[in-house]
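Quick note on labels: first sequence line is chain A, next is B, and so on, each numbered from 1. Values in this document were obtained by computation on a predicted structure and should not be read as measured data.
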There are 2 protein chains.
Amino acid sequence: MHMLYQPSGAQMLARKLSGIGNLLPEDEAAIAALDMTVMNVAAGHLIAEEGSSPRHCCVIIAGLACRYKILVDGKRQIMSFHTPGDFPDFYSLHVDVMDHSLAAATPCQLGLVPHSIFRQWVRRHPHLANLLWRDTLIDGSMFREWIVNVGRRPGPRRICHLLCELAVRLENVGLAEAGRIPFPLTQSDLSDAVGLSVVHVNRVLQDLKSQNIVLFHNKEAVIADWPKLRAMAQFDGAYLHLKDGGRQLRHFKI
Amino acid sequence: MHMLYQPSGAQMLARKLSGIGNLLPEDEAAIAALDMTVMNVAAGHLIAEEGSSPRHCCVIIAGLACRYKILVDGKRQIMSFHTPGDFPDFYSLHVDVMDHSLAAATPCQLGLVPHSIFRQWVRRHPHLANLLWRDTLIDGSMFREWIVNVGRRPGPRRICHLLCELAVRLENVGLAEAGRIPFPLTQSDLSDAVGLSVVHVNRVLQDLKSQNIVLFHNKEAVIADWPKLRAMAQFDGAYLHLKDGGRQLRHFKI
DNA sequence: CGTCGCCTTGAGCCAGCTCAAATATTGTGG
DNA sequence: CCACAATATTTGAGCTGGCTCAAGGCGACG
């Protein structure tokens, strides 16, 4: 993602976790010692399929992944996006069968970690285990906010809200700078995330451009007017539960 | 809830947990030894407020609770309902501040358990801890399905899906019988849960009645035609991750 | 330099909305 | 047990945000 220096999986994981809580030196050591198999997945390809039972969890090193379900009439609903540092199929540790699919929304680099390693962590590092648990609970918070978004916000607000969330989360792992975030999604992905039609999403985006709030160039979103975007979305990032209320963020204060 | 015999909080909790996994004898003992303060909350009253930091978790003993957020324009979105045996503010154990409100949708009886007790459990009973973690992850699964419901299903399907979920979950804790479930919600609650207007919900419900699929009498829903309701909802309960795929259910096979 | 995926635009339509008022139903105090 | 208030449901009518269908433009990539 527009970086020369490519952080490792362990580094991304540490960044992510220290964004939502404190890592003890012992936890940092455990993470640094993590031996993950690196794997590349092409855009659109499955990482874990609905109905399968993974034997490992993946940490996203680079790229953007998403969870989704496909309905019988072919409609798709995306339920979350995952940025580097996330470990979105962690829940397979405690839940036997995937009830949704996980795919690479863009080309992704993943680190695979066998379940057994994480189970060991949980046993040996209770503090780290609590932080992992906290992370899965924050995941739940994000789902709840997503429900609100899709259930009660009109189209434009919905899209703005999603942009706000992505901006804050990306900055939190050091992947956004100067009001500019990687934004490699197609309008069709976006529409499946916010529960609108592609055509409508297109029209809303044009509107945002014409109001000089967000611009899209070259797989990046340039957030030209963060206060306006935030206001339009009625965005309050408390639900992300970042350490210190996200005060360490430079561009996208929540 | 239309029962002469009123199970205790510990009993409901044990039922709930054994519906999603196996309890060891040691776990059952820990649950039975649980000393909770029983408390009643009137319909519509808050159990835990957005922005607060509870020092205890509550177990629902009787009644129906819901999580929701209120938007600045006054719209409300309900993100989940909670039936007896659930412990919906468990996440306050690992997340400092409530990012949504939890309220009694109907008169509720709650058992309050101090955080310290649950923390002790987690330390001393790793098997039980994993089951609690599993429960919070299943909560996440339900949120994801709720996103799909609100994001991509047309109104009637949405409402049917919610009814299916409630039916299965209530039966799972022994609170549904003969195709009949307690259904104490107002149409306004329902509308805030599915993201539709009250008027529209009313019309859909009338339609369901006229097709003889579900009838509503006296705070109960009589599911007159489960296969039809299930088909209408395109309901697949896999996401509830009940033990044995929910095969122990008698009326509402998932 | 063709082709494939994505974005854009136009036009007509409809599911679900809002507003408003009538009619149950439930709860309360006397 | 009744009267009255408050809450919930129902109905009608008109409107609109977002949908679908269909076609055209335009990059990117082999």
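We find that CZ of Arg152(A) is positioned 16 Å from C1' of dG18(D), with the value rounded to whole Å. Atom C1' of nucleotide dT25(C) and atom CZ of Phe216(B) are separated by 17 Å, given to the nearest angstrom. In this entry the distance linking CD of Gln206(B) with P of dT23(C) reads 15 Å, nearest Å. One atom, CG of Leu215(A), and another, P of dC7(C), lie 16 Å apart when rounded to the nearest Å. The CG-P distance, from Asp192(A) to dC19(D), rounds to 11 Å in whole Å. If you take NZ of Lys75(A) and C1' of dT20(D), they are 11 Å apart, rounded to a whole angstrom.
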At a cut-off of 3.5 Å, list every protein nitrogen or oxygen paired with a nitrogen or oxygen from nucleotides 14-16 of chain C, distance to 0.1 Å.
unit_1, atom_1, unit_2, atom_2, d
dG16(C), OP1, Gly155(B), N, 2.9
dG16(C), OP2, His200(B), NE2, 3.2

What protein N or O atoms touch nucleotides 21-30 of chain D N or O atoms at under 3.5 angstrom, if any, and at what distances?
none

Please enumerate all protein N or O atoms sitting under 3.5 Å from an N or O of nucleotides 7-9 of chain D, with distances to 0.1 Å.
unit_1, atom_1, unit_2, atom_2, d
dT9(D), OP1, Gln187(B), N, 3.4
dT9(D), OP2, Gln187(B), N, 3.0

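Without hydrogens or angle criteria, Asn218(B) side chain to Glu220(B) main chain gives no donor-acceptor distance under 3.5 Å. When atom types are taken as modelled, the side chain of Gln187(B) and the backbone of Val201(B) share no donor-acceptor pair closer than 3.5 angstrom. Using modelled atom types, no side-chain atom of Gln109(B) and backbone atom of Ala62(B) make a donor-acceptor pair closer than 3.5 Å. A distance-only check finds a donor-acceptor pair linking the side chain of Asp73(B) to the backbone of Lys75(B) [under 3.5 Å].
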Steps toward salt bridge (Lys or Arg N to Asp or Glu O under 4.0 Å) verdict (Asp139(A), Arg67(A)): CA-CA 12 Å; Asp139(A) 237 50; Arg67(A) 313 194 213 224; 2.4 Å; yes
Arg152(B) vs Lys69(A), side chain to side chain contact (heavy atoms under 4.5 Å, CB included): CA-CA, chis, key distance, verdict: CA-CA 10 Å; Arg152(B) 284 300 187 201; Lys69(A) 290 191 189 184; over 6 Å; no
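Under the 6.0 Å distance and 45° angle rule, Arg230(B) does not count as a cation-pi partner of Phe235(B).
When all heavy atoms are compared, the tightest approach of Trp146(B) to Ala193(B) is NE1-O, 3.0 Å.
Aromatic ring centroids of Tyr91(B) and His100(B) lie under 6.0 Å apart. Aromatic pair His56(B)/Phe87(B): centroids not less than 6.0 angstrom apart.
Applying the 6.0 Å contact sphere to NZ of Lys209(B) captures more than 12 heavy atoms from other residues, nucleotides or ligands.
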